Amino acid sequence: MNLPANLKYTKEHEWVRIEGDVAYVGITDFAQKELGDIVYVDIDSADKDVSKDEVFGTVEAVKTVSDLFSPLSGTVLEVNPKLNDAPETVNSDPYGDGWMIKMSVGNQTELEGLLSAEAYGELVGA
């Protein structure tokens, strides 16, 4: 299982990449494998403030729909436009082109509550 060490993770299977005051958020390799073929990503939270653990969208696979939970509080700055035409990018490149939102980091102390790659790997049995 692919768990980049430079990312932080949540128990709800989101990953976070911090670049200055901005966080990129997506779902983990584990999550996309569990969901199967992703056919639609529905995120309508652009330019909205979200709180930690608040639902910011959904991802739809062939057999199920799953909520996406914000790992941090902040403002959604951008939704990945590639996912409109190619939601399967989440399956093929979950940590790269398959990112879902870019958001401001509203509270730096919330970063401390995120999991390391090692801790997330233990959570999912990797």
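If you're wondering where the values come from, they're calculated on a predicted model, not measured in any experiment.
Scanning both residues, A46 and V79, for their nearest heavy atoms gives CB-CG2, 4.0 Å. Residues H13 and A31 come closest through the heavy atom pair CB-CB, 3.7 Å. Between A117 and P4, the closest heavy-atom pair is CB-O, 3.7 Å. Across all their heavy atoms, V62 and V39 have their closest contact at CG2-CG1, 4.0 Å. Nearest heavy-atom pair across M103 and S70 is CE-OG, 3.6 Å. Nearest heavy atom pair, residue M1 against residue K33, reads CA-NZ, 4.5 Å.
Not counting sequence neighbours, the partners of K102 by the salt bridge (Lys or Arg N to Asp or Glu O under 4.0 Å) test are E78.
Side-chain heavy atoms closer than 4.5 Å link hydrophobic residues (I, L, V, M, F, W, Y) into clusters, and following such links, possibly through other members, connects L35 to M100. Using a 4.5 Å cut-off between side-chain heavy atoms of Ile, Leu, Val, Met, Phe, Trp and Tyr, with links allowed through other members, I101 and L114 fall into the same hydrophobic cluster.
Atom NZ in K48 sits 12.0 Å away from atom CD1 in I43 (nearest 0.5 Å). E54 contributes atom CD, which lies 10.5 Å from atom CZ of F69 (distance to the nearest 0.5 angstrom). For the atom pair N6 CG and S116 OG, the distance stands at 12.5 Å (nearest 0.5 Å). To the nearest 0.5 Å, atom CG of residue D93 and atom CH2 of residue W99 are 12.5 Å apart. Between the CG atom of L77 and the OH atom of Y24 there is a distance of 9.0 Å, given to the nearest 0.5 Å. Taking CD from E34 and OG1 from T28, the interatomic distance works out to 9.0 Å, rounded to the nearest 0.5 Å.
Under the 30°/60° scheme for interplanar angles, the aromatic rings of Y9 and Y120 are found to lie parallel.
In terms of modelled atom types and a separation under 3.5 Å, the side chain of T75 and the main chain of D47 share no donor-acceptor contact. Remark: side-chain polar atoms of E60 are not paired, donor with acceptor, to backbone N or O of D42 under 3.5 angstrom. Judged purely by atom type and a 3.5 angstrom limit, S45 uses its side chain to pair as donor or acceptor with the backbone of F56.
Counting only heavy atoms from C-beta outward, the side chains of E118 and L3 never approach each other to under 4.5 Å. At a threshold of 4.5 Å between non-hydrogen side-chain atoms, the residues K11 and L123 count as touching.
Screening V16, T10, V25, V50 against L72 for a side chain to side chain contact (heavy atoms under 4.5 Å, CB included) leaves a single residue, V16.
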Practice problem: In sequence, state the C-alpha distance, the side-chain angles, and the governing distance for Q32 and I27, and then conclude on side chain to side chain contact (heavy atoms under 4.5 Å, CB included). | Solution: CA-CA 7 Å; Q32 69 81 18; I27 63 170; 4.1 Å; yes

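Looking only at atom types and distance, the side chain of D67 has no donor-acceptor partner in the side chain of T58 under 3.5 Å away.
Counting non-hydrogen atoms of neighbouring residues, nucleotides and ligands closer than 6.0 angstrom, the CG atom of D21 reaches no more than 12 such neighbours.
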